[in-house]
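Keep in mind that this is a model prediction, so the values were computed, not measured. Chain A is the first sequence line, chain B the second, and so forth, proteins listed ahead of strands; every chain is numbered from 1. Excluded from the calculations below are hydrogen atoms, water molecules and symmetry mates; all remaining heavy atoms, backbone and side chain alike, are included.
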2 protein chains.
Amino acid sequence: MASPASTDASTSSRDKILDTAEPLFARSGFAGVGLREVAEQVGMGKSSLFHHFPSKVQLYVAVLERVFHEFDQRLELRASQDEGPLAQLHGWATVVVGMLAEHPNWAALLLRSLFEGDVIGREDQARIDVIFSRIVARISSALQAGIASNEIRPVSIPHTIQTMVGMTVFHFASGDMGDDLLGEPIYSQPQLQARLSHLHDYIDHALATRPLDSPT
Amino acid sequence: MASPASTDASTSSRDKILDTAEPLFARSGFAGVGLREVAEQVGMGKSSLFHHFPSKVQLYVAVLERVFHEFDQRLELRASQDEGPLAQLHGWATVVVGMLAEHPNWAALLLRSLFEGDVIGREDQARIDVIFSRIVARISSALQAGIASNEIRPVSIPHTIQTMVGMTVFHFASGDMGDDLLGEPIYSQPQLQARLSHLHDYIDHALATRPLDSPT
DNA sequence: GTCTATACACCGATAGAC
DNA sequence: GTCTATCGGTGTATAGAC
């Protein structure tokens with residue numbers, strides 16, 4: 001659905017390269033992937049890659065930007081229904097889990113891009129940062145609104161965002177370690193549902209002010 | 001305290017190499033570090049490294065094992081005071097934040113080792129997994145005991161552990177992204193304290209059954 | 001737009017002198 | 001235990017034919 005070419009099955013070489021490189025970068029990181037491996041899997045010569053991307057770094061950047069872009073779009077789409085802050089957070093949690101489930105490479109890719117600093121040039125990093133900031137700002141607004149209206153406890157907004165990013169991105173990037181811990185694959189249907197429930201539970205119990213606590 | 005030389009300032013070559021390699025692997029990952037760079041910073045020739053470690057992989061493993069080992073030890077030490085499950089979790093949170101603050105490379109190193117699967121051989125990975133399992137088992141026991149005694153809500157234990165690992169390891173590995181989000185360095189004193197408070201808050205509000213709920 | 005051929009630096013690892 | 005020299009291989013990237 002949705003991704004590369006609009007109406008037919010044909011995919012541009014550029015997209016094919018991106019699709020091929022994405023899981024490789026996700027698994028092995030920027031330094032861990034050789035262009036030979038990418039070219040081989042795409043089915044073309046190494047040199048041909050340079051016709052579509054000026055350098056390995058730019059290929060990596062293109063992969064990242066595509067992911068951040070759609071991530072941002074899907075969150076924005078869900079934000080357009082305007083609901084209360086808690087419902088908004090619940091909705092986003094559902095969207096994020098859905099997206100990461102649909103694209104099992106993305107969590108690792110996002111995780112890398114968030115904590116591996118240097119690999120990308122300043123300008124490219126800045127463009128990605130803009131998108132990321134937009135995502136953060138949205139969550140931040142929801143939290144702020146919720147705190148103002150006393151639906152959400154007065155938690156630290158940045159620390160809560162860090163926690164929520166960790167609860168989603170880190171969890172779905174945790175690979176074998178996560179599988180072992182859960183005793184079942186992270187991306188199995190029951191565990192996807194379990195993670196979503198866990199997120200909803202977090203929102204309701206760690207963030208929401210309990211009815212019992214609210215002032216008379 | 002165990003590690004390299006006990007009473008004097010001299011450090012074995014082996015330890016010096018480990019100390020040098022640790023931040024490099026933390027920042028750039030296994031594939032992103034060249035032995036030339038390591039050797040240069042240690043102040044010896046590339047080849048000399050092979051006198052102390054049979055291969056690059058084994059050097060990496062040695063770095064990881066050292067970290068996991070001390071991590072495990074410090075948690076065990078703190079476990080020896082026997083307290084209630086909630087107090088135990090609070091204590092561990094304090095210990096973990098303290099350790100990660102003391103060793104700013106560790107979070108990134110641990111994060112990589114948790115989600116980058118392939119780089120290490122089976123046997124070495126198995127040895128690390130044993131240590132990690134011990135850590136997980138301890139937390140798991142505390143949660144289980146707390147749930148049994150009704151001090152802790154009946155949360156999913158594996159998912160809660162994933163969340164807590166993310167709240168610590170991911171947070172302290174988040175580098176520039178985390179700094180930007182907090183508006184202040186993650187490892188600054190106020191933000192260290194803030195993260196610890198956030199963790200305590202999580203334990204008290206997301207995990208603990210509220211006093212109001214507990215049976216007489 | 002893809003290919004072959006090639007440039008040049010660096011990689012991890014080994015051999016052997018000191 | 002550290003060094004120099006060197007091995008074979010791979011890395012990104014370029015040149016130029018088709």
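Residue A:Lys56 places no side-chain atom within donor-acceptor reach of the base of D:dG11, judged by atom type and a 3.5 Å distance cut-off alone.
For the pair B:Phe50 CZ and C:dG16 P, the computed distance is 17 Å after rounding to whole Å. Nucleotide C:dA13 holds its C1' atom 16 Å from the NE2 atom of B:His52, rounded to whole Å. One can place CG of B:Leu49 at 14 Å from P of D:dG1, the figure rounded to the nearest angstrom. Rounded to whole Å, the distance from NZ on B:Lys46 to C1' on C:dC10 is 7 Å. Taking atom CD of residue A:Glu37 and atom P of nucleotide D:dT12, one finds them 10 Å apart after rounding to whole Å. Rounded to an integer number of Å, the gap from CD of B:Glu40 to C1' of C:dC11 is 14 Å. In this structure, CZ of A:Phe53 is placed 18 Å from C1' of D:dT14, rounded to the nearest angstrom. For A:Arg36 and C:dT4, the CZ to P distance is 15 Å, given to the nearest whole Å.
When the shell of 6.0 Å around CD of A:Gln81 is examined, it contains more than 12 heavy atoms from other residues, nucleotides or ligands.
Looking at A:Ser28 and A:Arg112, their side chains never bring a donor and an acceptor atom within 3.5 Å of each other.
End-to-end axis angle of the helix from C:dG1-D:dC18 to C:dC18-D:dG1, from C1' rotation axes over five pairs per end: 0° (rounded to 10 degrees).
Looking at heavy-atom distances under 4.0 Å, B:Ser13 makes contact with sugar-phosphate atoms alone, never a base. No engagement by B:Val57 is indicated, since no non-hydrogen atom pair under 4.0 Å with the nucleic acid exists. At a threshold of 4.0 angstrom between heavy atoms, the contacts of A:Ser47 include nucleobase atoms, whether or not backbone atoms are also involved. Note on A:Val33: only backbone sugar-phosphate atoms sit closer than 4.0 angstrom, heavy atoms only; bases stay farther off.
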Quiz prompt | CA sep, side-chain torsions, deciding dist, call: A:Phe115, B:Phe170, ring-ring contact (aromatic ring centres under 6.0 Å, His included) | solution = CA-CA 8 Å; A:Phe115 94 98; B:Phe170 168 74; 8.2 Å; no
Exercise. In sequence, state the C-alpha distance, the side-chain angles, and the governing distance for A:His171 and B:His159, and then conclude on ring-ring contact (aromatic ring centres under 6.0 Å, His included).
Key: CA-CA 9 Å; A:His171 172 79; B:His159 281 275; 5.4 Å; yes
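For the side-chain hydrogen bond (donor to acceptor under 3.5 Å, both in side chains) criterion with B:Arg78, the lone passing option out of B:Glu83, B:Gln88, B:Gln73 is B:Glu83.
Under 4.0 angstrom from either OP1 or OP2 of D:dG1 there lies no side-chain N or O belonging to B:Ser48. Not one side-chain nitrogen or oxygen of A:His51 sits closer than 4.0 Å to the OP1 or OP2 atom of C:dT2.
Of all nucleotides listed (C:dG12, D:dT12, D:dG1), C:dG12 comes nearest to the side chain of B:Leu35.
The main-chain N or O of A:Val136 is never found under 3.5 Å from a side-chain atom of A:Ser140 such that the two would form a donor-acceptor pair.
With values rounded to the nearest 0.5 angstrom, A:Leu64 atom CG is found 10.5 Å from A:Phe30 atom CZ.
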